[in-house]
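Notes follow the structure.
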Number of protein chains: 2
Amino acid sequence: MPEPSVIRDVVASYVKAIGTGGAAEIAALYAEDATLEDPVGSEPLRGRGAIAEFYSAIENLRRESELIAVRAAGDSAAFHFRVRTETPDGAVEVEPIDVMTFDEAGRITSMRAFWSPEDVQSAS
Amino acid sequence: MPEPSVIRDVVASYVKAIGTGGAAEIAALYAEDATLEDPVGSEPLRGRGAIAEFYSAIENLRRESELIAVRAAGDSAAFHFRVRTETPDGAVEVEPIDVMTFDEAGRITSMRAFWSPEDVQSAS
C-alpha cells in the first residue's frame, strides 16, 4: 500500500496535469490496466490507451485547475477539485469529487468521477 | 435508481443527523443490510444494528456539522463535510469525504469514509 504522502502527491500531480498537461502526461499517472469511470454510472474505460484518448478531448483547450481538498485512506483517496475550461462556447467550471485507488508504485489503478451535468457552471 | 435530488436530500439529512441526531436516527437512513467502512481500509460493518452501534459512540457528545459540497452521479454520491465534536479532551474537527450508494427508496446501501487520523484537528 503506498504511503498517504505518496497518494497525496499523485493527486496533486493529477490535478495540476488536468490544468496544464497533455493527454499522455495525464495518462502516464495511471497504471497500464487502470480503469476510468467519468462520470460515475457511465461505462468504465480500461487501459492507458483508452484513458489517454479520453483526456485528448481537453488537451487543446485552455484550462485551469485547483485542488480544494484531498483525503487519503488505505490504498485510496477522495479529492475535491475545481477545473475551469475555455471552450469555443465560453468558459465552464466544475468542481467534481473524484475517488482513486493506487498500486504499490503510486500509479492510479482506478478513477471514478462524481459529478453531473447540473454541476457544470458557466464562468466568465 | 433514485433521482439526484433524492440522493442530495438524503445526504443533507445524513450530515444534519451527524450534527444533531441520535444513533438510531442516523442508522434509520441506512438500508437494513447496508455496509459501513469508516475509515476506508478498515473492516466494513454490515447491517443496521452494527451501524447504529457505530454511531452510538458519538451520540452523547455535543456536535456540529456542515455540508461543504455534494456530487450525485448514478446511484451514488460523494460529499465533503465538516464535523466538530466536543470530547472530554477538547473539541476536534475533521472534514471527511464520504461516498455512498443508495437503493430505489433512497436508503443508504453503503458508506465509505475517506479520512485519516492526521486530518483530525484540534479546534477551540
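Each chain gets a letter, A, B and so on, in the order the sequences are listed, and its residues count up from 1.
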Sidechain-backbone polar pair: A:R71 side chain, B:D98 backbone, donor-acceptor under 3.5 Å: no
Top of A:S76, A:A113, A:S42, A:P4 for chain B proximity - count of heavy-atom pairs under 4.5 angstrom: A:S76
Hydrophobic cluster identity match, B:V40 and A:V11, side-chain contacts under 4.5 Å: no
Joint hydrophobic cluster, A:V6 plus B:W115, side-chain heavy atoms closer than 4.5 Å: no
Toward chain A, the part of B:E95 with a non-hydrogen atom under 4.5 Å: both
Minimum heavy-atom distance B:S116-A:A72, with the two atoms named: CB-O, 3.6 Å
Hydrophobic cluster identity match, A:V120 and A:I58, side-chain contacts under 4.5 Å: yes
Nearest atoms (heavy-atom pairs only) where A:A73 meets B:F114: CB-CA, 4.2 Å
Path from B:V94 to B:Y55 over hydrophobic side-chain contacts below 4.5 Å: yes
hydrophobic_cluster_shared for A:V99 and A:L29, side chain cutoff 4.5 Å: no
